[in-house]
Amino acid sequence: MTDQPTNRVLPDPASPIGVFDSGVGGLSILRHILQQLPHENLLYLADSGYAPYGEKSEKLVIERSLAIAQFLLDSGCKALVVACNTATAAAIKLLRDQYPQIPIVGVEPGLKPAAVLTASGTVGVLATERTLSSDKFRQLRDQLAATTGVRFLSQPCNGLADLIEHDELDSTTTVALIERLVAPLVAQQADTLVLGCTHYPFAQQIIRETAIKSGSKSVQIIDTGEPVARQLARLLAQHRLENPNAEAATLTACTTGEPAALSAAFDKLLQKQPHITQVAV
Ligand code: DGL
């Protein structure tokens with residue numbers, strides 16, 4: 001343990017890790033946490049009552065992120081995962097300033113791995129309008145473009161997270177929207193596509209098929225769920241917060257929307273049936 005003040009109550013390693021997103025998108029991160037950290041207790045919060053974040057004001061996304069973080073910590077969480085690119089871009093710095101003693105992991109579009117993988121030198125970035133217009137994203141993009149010479153094409157995907165949120169994963173509307181979003185990127189020689197929103201990995205298959213249909217020979221798709229779970233494992237070890245109990249861990253969930261909708265999403269996307277409660281945050 002490093003320089004922890006002695007007069008502070010340290011979090012209990014057996015406490016849950018709080019994971020949140022605007023809705024069901026964070027389940028694409030949660031599935032990697034479940035795989036990599038099977039002994040950790042997890043509490044997932046879907047802010048579906050306020051989704052989608054991507055088309056809301058930065059102020060609202062910040063307010064929601066701060067309120068949810070406080071709720072999860074009040075519920076006894078020992079660490080937080082902001083399983084949402086939009087909330088990370090808007091609020092991660094504020095969250096870390098507010099809770100310096102808590103390990104907090106965020107999610108950002110995987111531009112660095114994309115810059116390494118691209119052969120054409122052009123990368124398409126699919127994300128919400130709010131993520132793409134954030135200072136955090138622009139700084140990362142401009143700095144990487146300057147140092148690697150890679151061209152990053154930003155593609156705001158208005159409406160896509162909302163369709164996935166409402167269980168329209170493979171509806172004709174979703175497929176048509178993905179075609180409109182992906183085809184222009186392929187036409188501009190993008191051979192690597194970054195999924196910069198945690199809802200999109202659930203549409204990865206359609207995104208890949210659309211890219212190939214649009215003329216791409218070998219498209220690479222970057223999803224950051226796995227490295228995020230790895231970073232969480234690293235931080236827990238660093239803070240000596242790994243759960244010492246080896247018995248089966250618990251997974252519980254809550255939502256500011258409809259529990260039945262979240263329950264259906266858990267079942268369909270993760271084949272899990274956690275206990276779900278509705279909360280007012
Ligand atoms: N899943 C979120 C993200 O990673 C937000 C989608 C939304 O609510 O617009 O950006």
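As a basis for the values below, the full set of heavy atoms in this structure was taken, side chains included, without hydrogen atoms, waters or symmetry mates. Just so you know, ligand 1 is whichever comes first in the structure, and atom 1 is the first atom listed for that ligand.
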request  = Using the salt bridge (Lys or Arg N to Asp or Glu O under 4.0 Å) rule, collect all pairs that involve residues 142-162, keeping only residues at least two apart or in two chains.
outcome  = none
query = How would you list, by chain and number, the residues with a heavy atom under 4.0 angstrom from ligand 1?
reply = Asp21, Ser22, Pro52, Tyr53, Gly54, Cys84, Asn85, Thr86, Thr128, Ala161, Cys197, Thr198, His199
inquiry  = Within the structure provided, determine whether Ser22 and Pro52 are in side-chain contact (heavy-atom separation under 4.5 Å).
reply    = no
request  = Can you run down the salt bridge (Lys or Arg N to Asp or Glu O under 4.0 Å) pairs that involve residues 223-235, sequence neighbours left out, and say none if there aren't any?
outcome  = Glu226-Arg230
Side chain proximity check, Leu140 to Glu108, heavy atoms < 4.5 angstrom = yes
Among Thr86, Thr131, Asp47, Asp21, the one residue meeting side-chain hydrogen bond (donor to acceptor under 3.5 Å, both in side chains) with Tyr53 = Asp47
message = Per the salt bridge (Lys or Arg N to Asp or Glu O under 4.0 Å) rule, what does the pair list look like for residues 87-102, sequence neighbours excluded?
response = Lys93-Asp97
